[in-house]
Amino acid sequence: MSDVYEKVIDLARRRGFIWPTAECYGSVAGFIDYGPLGSMMKRRIEDLWRSFYVIQEGYYEIECPTIGQESIFIASGHVKGFSDKMVQCPHCREYHRADHVAEGHKVPGASTMSAENLGSALRDLPCPSCEKPFGEVEVFHFNLMFRTSIGPGSQRVGYLRPETAQGMFTDFQRLLRFYRDKLPFGAVQIGKSYRNEISPRQGMIRLREFTQAEAEIFVHPNEKSHPEFARYSGYTVPLLGIPQQEACTPVVPKTMHDAVQSGLIANEYVAYYLALTHDLFIRIGIKPEKIRFRQHLPDERAHYAEDCWDAEVFSERFGWVETVGIADRTDYDLRAHAGESGEDFSVFIQFDAPETVKKTVVVPSQKALGPKFRDKAKKITQALSEAAPVQGGITVNVDGEDLFIGPEFYEVREVETEIQGVNIIPHVIEPSYGIDRMCYAVLEHAYDEEIVEGEERKVMRFPPKIAPIQVAVFPLMSRDGLDTIARGITDALRKRGVLAEYDDSGAIGRRYRRQDEIGTPFAITVDYDTKEDGTVTIRDRDSMRQVRVAAADIPNLVHSLIEGTKGFSEICV
RNA sequence: GCAUCGAUGGUCUAGAGGCAUGACUUAGGCCUUCCAAGCCUAUAGCCCGGGUUCGAUUCCCGGUCGAUGCACCA
């Protein structure tokens, strides 16, 4: 038991936060089960995320299938781009990225080469592990997407989604209607995504099935000022921009206002969600000194992305872990789906005032054309209105025949037309959260041990809002009617919507410690004074301080302590 | 996926080719008027498959999971 990771994972396993999946069959790497307390905590984190994105921002949540048809992922680029060309050395049986090996030996165009060509390029190159030349090898694609088929005996290919984002793009037209054709708007989704990682390790950090919370915010390409930017413009966030990374200088704290003004962050939208993420991280219990925002370097950023930042959280075990990605993805995704589906993914932007455009046009005279040209009149009319406006006769081509139409058959007129607006393809701002990584960070950062009267006390210092069990209720002795009173208080708390646990087994000190270890923020104890004056003690997990309060006030008091509208120190006076 | 090492009650651990230790936890009881006290009792274990052997949890081989290194990856 050396580092915090082992202690945290041990505690999480013992107390029902995180379990290896299906242990009775021996588990599989990259999959985990959330136990009773872990599920509760994860749900509370997701709900806090919702309170930011859905309630505060007004981006409604949608829920799309985790299996998608092939076209979706052809459009998104995952069918092509989400796979690696791999090669196995026939001598030492090690796997390598074929393109990386070729690049290492300066094979021109290695990164874009086909599998066949890469195979022949590798023939005489030495294996990076055993140095022997590869010889005749097969270069194969390893796609990180789980592939399946839809329907019985069907040829229809499906994939388990590798991200939740595509659902918001494929529902774009419906969403646009839902938001009554106005930009900006956003939609979010919390759900499972799947990536068939080659070798997942690092416990909860790299999973094959994981939970993402993603927001896709659709904005006008030229209007990237967030309407609520004032909320976070003075908010300071630790930034590790490209300049800092290139100069190897430390993180700089900057207000969002300054970061946007100086051009470090591309626009207000990106900056806004950086600050919001920081805000959310603090609220779920991630330590401020273990948060930084790192900007993607130009070569790691997707070619279409305008700007991209990762929120990284420091872990004693894993170092800086990317937990959230916040990117301005421009119009790439919508254009991709427009191209693949042939549908229109644009938004009509109405001008404040219609623009009037003066144009000279040809107005054919139907009255004159009809009698003269009979059945050809219709086509001639059409051709005339598209012709350049010249006086004195126009030659038009109808059914391969050039016809001269005299000036008596048309009129050249100056007209004013009104243009009501323009069609644009919105840009997408995408904050994408790895919920499992957040859960791990919360567990690791909450873990604490201290020595109390010569005994080690393990405490999970979760924020009250995140703690799975919100309050524990104990009778000092499980007799003399104290247990009945305590059960009554437990019921009253439950009626108030508080998750309360009753416990009367063993010594009181042991019961406090049990709750400390699972991070229950408050404990109510019913003692003999309760029978006299109707008061109970309420104990604060972090300070271990106790105050007497009226038992009748407990449900409302605990509720406000959990919601954070009241702090424990306030009730101590 | 490769290489090395490991796997014993829920947790930590002793152990040997022939009855599997101890501690903590948990449960029940006694005791106890606020921070893992004490006493009694109980529950619970040799990762899976194959081989060698009269007999394997122990030795051998394969697998699974975990740790580490390499590779891979956000």
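Letters A, B, ... are given to chains in the order of the sequence lines, protein chains preceding strands, and every chain is numbered from 1. Keep in mind that what you see is a predicted model, and the values were worked out from it rather than measured. Values reported hereafter were calculated over all heavy atoms of this structure, with side chains retained and with hydrogens, waters and symmetry mates removed.
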Next item on the list: Determine, for A/F568 and A/R545, whether the Lys NZ or Arg CZ falls below 6.0 Å from the six-membered ring centre while staying within 45 degrees of the axis.
Entry: no

[atom1] gap between [N] and [M], integer Å:
{"N": "B/U58", "M": "B/U53", "atom1": "P", "value": "16 Å"}
{"N": "B/A14", "M": "B/C46", "atom1": "C1'", "value": "13 Å"}
{"N": "B/G9", "M": "B/U43", "atom1": "C1'", "value": "10 Å"}
{"N": "B/G45", "M": "B/U57", "atom1": "C1'", "value": "10 Å"}
{"N": "B/U26", "M": "B/G69", "atom1": "C1'", "value": "40 Å"}
{"N": "B/A44", "M": "B/U11", "atom1": "P", "value": "16 Å"}
{"N": "B/C12", "M": "B/G17", "atom1": "C1'", "value": "27 Å"}
{"N": "B/G10", "M": "B/U4", "atom1": "C1'", "value": "30 Å"}

What is the distance, to the nearest angstrom, from the [atom1] atom on [X] to the [atom2] atom on [N]?
{"X": "A/I518", "N": "B/A36", "atom1": "CD1", "atom2": "P", "value": "17 Å"}
{"X": "A/E455", "N": "B/U25", "atom1": "CD", "atom2": "C1'", "value": "14 Å"}
{"X": "A/I538", "N": "B/C35", "atom1": "CD1", "atom2": "P", "value": "18 Å"}
{"X": "A/E517", "N": "B/U26", "atom1": "CD", "atom2": "C1'", "value": "13 Å"}
{"X": "A/W19", "N": "B/G66", "atom1": "CH2", "atom2": "P", "value": "18 Å"}
{"X": "A/N196", "N": "B/G1", "atom1": "CG", "atom2": "P", "value": "10 Å"}
{"X": "A/I451", "N": "B/A36", "atom1": "CD1", "atom2": "P", "value": "13 Å"}
{"X": "A/E450", "N": "B/C35", "atom1": "CD", "atom2": "C1'", "value": "11 Å"}

Looking only at the aromatic ring of each residue, does the gap between the centers of [Y] and [X] stay below 6.0 angstrom?
{"X": "A/W320", "Y": "A/F314", "value": "yes"}
{"X": "A/Y53", "Y": "A/Y433", "value": "yes"}
{"X": "A/F210", "Y": "A/Y194", "value": "no"}
{"X": "A/F474", "Y": "A/Y512", "value": "yes"}

Note to self: Please confirm whether the shortest side-chain N or O distance from A/R510 to OP1 or OP2 of B/A37 is below 4.0 Å.
What the structure shows: yes

Checklist line | Phosphate-side-chain proximity, A/R513 and B/A36, N/O vs OP1/OP2 below 4.0 Å | finding: yes

Note to self: Regarding A/R457, tell me which of base, sugar-phosphate or nothing describes its non-hydrogen contacts under 4.0 Å with the strands shown.
What the structure shows: nothing

Next item on the list: Indicate, with a heavy-atom threshold strictly under 4.0 Å, whether A/E322 touches base, sugar-phosphate, or nothing.
Entry: base

Between protein and nucleotides 27-34 of chain B, what N or O pairs are separated by less than 3.5 Å?
residue	atom	partner	partner atom	Å
B/C34	O2	A/Y512	OH	2.5
B/C34	O2	A/Q546	OE1	3.4
B/C34	O2	A/Q546	NE2	2.8
B/C34	N3	A/T537	OG1	3.4
B/C34	N3	A/Q546	NE2	3.0
B/C34	N4	A/D527	OD2	2.8
B/C34	N4	A/T537	OG1	3.2

Next item on the list: Tell me yes or no: between the side chains of A/Q245 and A/R294, is some donor less than 3.5 Å from an acceptor?
Entry: yes

Notebook entry, point to check: Pick one for B/C48: is it syn, with its angle within 90° of 0, or anti?
Noted result: anti

Next item on the list: Quick one: pull up CD1 in A/I326 and OH in A/Y273 and give me the separation to the nearest 0.5 Å.
Entry: 10.0 Å

Check: Roughly how far, to the nearest 0.5 Å, is CD1 of A/I562 from CD1 of A/I466?
Finding: 11.5 Å

Note to self: Both A/R208 and A/E453 contact RNA chain B. Taking the nearest nucleotide for each, which residue is further toward the 5' end?
What the structure shows: A/E453

Note to self: Nearest heavy atom decides the nucleotide; on that basis, is A/V28 or A/R14 closer to the 5' end of RNA chain B?
What the structure shows: A/R14

Checklist line | Pairing annotation in dot-bracket form, given for RNA chain B with Watson-Crick or G-U pairs under 3.5 Å and | for cross-strand partners | finding: (((((((..(((.....[...))).(((((.......)))))....(((((..]....))))))))))))....

Note to self: Counting only side-chain heavy atoms from C-beta out, which of B/A67, B/C35, B/U11 sits nearest to A/Y5?
What the structure shows: B/A67

Check this for me, if you would: do [X] and [Y] make a salt bridge, where the nitrogen-to-carboxylate-oxygen distance has to be below 4.0 angstrom?
{"X": "A/R548", "Y": "A/D527", "result": "yes"}
{"X": "A/E455", "Y": "A/R513", "result": "no"}
{"X": "A/D516", "Y": "A/K458", "result": "no"}

